[in-house]
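Taking it in order: structure first as structure tokens, then the write-up.
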Amino acid sequence: MADPITFYFDFSSPYGYLGSERIEAVAAGLGREVAWKPVLLGATFKATGMRPLTEIPIKGDYARHDLLRSARKVGIACRIPSRFPFASISACRAFYWVEEAYPAKATDLVHSLFRAAWQHDQDISAPEGVIAVAEGIGLDAAEVKAALQSPTIKQRLRDEVDASLAAGVCGAPFMIVDGEPFWGHDRLEDMADWVRSGGW
């Protein structure tokens, strides 16, 4: 099989959520798998000088409207969480631990965390919220709680964030396929066309 599509995202990113719901089907159509890479957009914003769209006057109102319109267009259930933007450190740590300890559950955790926040308005910013979601896919609460405080997992997340910046990740979702970068949920089709055509 060809190399996977690396999919960078933040659980607090609305367009990251929309992309997460579609990337597997797009990848399958290209004969690819998905390499999930949660990162922290706070670090990205610091490096690029950007800030969340919703915090920008005028543009923020448009972004909220566009998000829900984009979700309706592709048939994805979506609501803006009561607490938004929210911290995603615990969610990211949980993913990297699960990826190492229970890899068969890693993708399930991604979708469960995203849907908890963006469909059901559950708070996943604190460890307790993340643990509750993890329990829902059959993981042990005590084991997850310990993992969230693991120095090894904390360092893994820091390393992944640093690696994403080194790779040029400037927002979410951000995809890299065969070395070619694509930023945004609205670039999924362009990415697929690029792969099928051999590039342009």
Side-chain angles (χ1 to χ4, degrees), residues 3-30 32-48 50-56 59-60 62-81 84-89 91-96 98-99 106-119 124 157 160-195:
D3 290 341
I5 297 170
T6 305
F7 184 82
Y8 294 93
F9 63 94
D10 187 323
F11 288 103
S12 187
S13 166
Y15 294 103
Y17 162 59
L18 296 185
S20 74
E21 291 287 312
R22 301 180 61 212
I23 185 62
E24 288 173 288
V26 172
L30 300 172
R32 309 285 180 122
E33 294 184 347
V34 178
W36 302 97
K37 293 288 183 181
V39 294
L40 302 173
L41 279 182
T44 307
F45 292 149
K46 183 177 180 180
T48 61
M50 297 168 59
R51 57 181 170 146
L53 286 175
T54 53
E55 295 180 5
I56 301 174
K59 199 171 187 179
Y62 171 80
R64 291 183 186 89
H65 178 76
D66 181 66
L67 164 65
L68 297 177
R69 179 177 60 193
S70 297
R72 290 192 301 270
K73 179 183 178 182
V74 293
I76 296 173
C78 181
R79 59 188 292 185
I80 297 173
F84 175 73
F86 55 84
S88 61
I89 294 173
C92 291
R93 287 178 183 170
F95 170 82
Y96 284 118
V98 170
E99 184 186 52
T107 299
D108 287 344
L109 184 65
V110 169
H111 291 308
S112 295
L113 286 167
F114 260 133
R115 291 168 187 167
W118 292 98
Q119 290 185 18
I124 64 166
L157 177 55
E160 292 289 354
V161 170
D162 289 345
S164 74
L165 295 175
V169 174
C170 57
F174 196 99
M175 293 79 67
I176 298 179
V177 57
D178 299 338
E180 189 72 9
F182 294 88
W183 174 25
H185 163 256
D186 58 350
R187 290 295 182 266
L188 284 170
E189 286 76 19
D190 282 355
M191 179 189 68
D193 289 344
W194 188 89
V195 172

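Atoms considered below: every heavy atom in the structure, side chains included; atoms not considered: hydrogens, waters and symmetry mates. Here the structure is a predicted model, which means the values were calculated and not measured.
Checked against side-chain contact (heavy atoms from CB on, under 4.5 Å), K59 has the following partners two or more places apart in sequence or in another chain: L53, I56. Every salt bridge (charged side-chain N to carboxylate O under 4.0 Å, His left out) that D190 has, sequence neighbours left out, goes to R187. Residues passing the ring-ring contact (aromatic ring centres under 6.0 Å, His included) test with F7, sequence neighbours excluded: F9, W36. Every residue two or more places apart in sequence or in another chain that forms a side chain to side chain donor-acceptor pair (under 3.5 Å) with Q119 is listed here: Y17. Listed by chain and residue number, nothing satisfies the ring-ring contact (aromatic ring centres under 6.0 Å, His included) test with Y8 (two or more places apart in sequence, or in another chain). Listed by chain and residue number, R64, L67, L68, F84 satisfy the side-chain contact (heavy atoms from CB on, under 4.5 Å) test with I80 (two or more places apart in sequence, or in another chain). Take D3 and apply the salt bridge (charged side-chain N to carboxylate O under 4.0 Å, His left out) test, not counting sequence neighbours, and it matches no residue. In this view, A35 and P4, T6 satisfy the side-chain contact (heavy atoms from CB on, under 4.5 Å) rule, not counting sequence neighbours. By the salt bridge (charged side-chain N to carboxylate O under 4.0 Å, His left out) test, R51 pairs with no residue at all, sequence neighbours left out. In this view, F45 satisfies the ring-ring contact (aromatic ring centres under 6.0 Å, His included) rule with no residue, not counting sequence neighbours.
By the 4.5 Å heavy-atom criterion applied to side chains, E33 and T107 are not counted as neighbours. Between I5 and V195 the shortest side-chain heavy-atom distance does not fall below 4.5 Å. Taking 4.5 Å as the limit, every side-chain heavy atom of P14 sits out of range of all side-chain heavy atoms of H185. You'll find the side chain of K37 stays beyond 4.5 Å of the side chain of F95, heavy atoms only. Side chains of S88 and L40 form a contact here, defined as non-hydrogen atoms less than 4.5 Å apart.
How far CZ of F114 is from SG of C78: 10.5 Å, rounded to the nearest 0.5 Å. Atom CD1 of I89 is separated from atom OG of S12 by 11.0 Å, given to the nearest 0.5 angstrom. Between the CG atom of L109 and the CZ atom of F11 there is a distance of 6.0 Å, given to the nearest 0.5 Å. One distance of note links CG of L30 with CE of M191; it measures 6.0 Å at 0.5 Å rounding. Atom CG of L188 sits about 9.5 Å away from atom CG of L18, to the nearest 0.5 Å. Distance check, rounded to the nearest 0.5 Å: CD1 of I76 to OG of S20 gives 7.5 Å.
Residues in residues 8-25 take part in these salt bridge (charged side-chain N to carboxylate O under 4.0 Å, His left out) pairs, two or more places apart or across chains: E21-R115, R22-E189.
A pairwise comparison of heavy atoms in A27 and V34 identifies CB-CG2, 3.7 Å as the closest pair.
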Let me have the donor-acceptor pairs involving side chains of residues 162-181, under 3.5 Å, with sequence neighbours excluded, atom names and distances please.
{"unit_1": "S164", "atom_1": "OG", "unit_2": "V161", "atom_2": "O", "d": "2.7"}
{"unit_1": "D178", "atom_1": "OD1", "unit_2": "R32", "atom_2": "NH1", "d": "2.9"}
{"unit_1": "D178", "atom_1": "OD2", "unit_2": "R32", "atom_2": "NH2", "d": "2.8"}

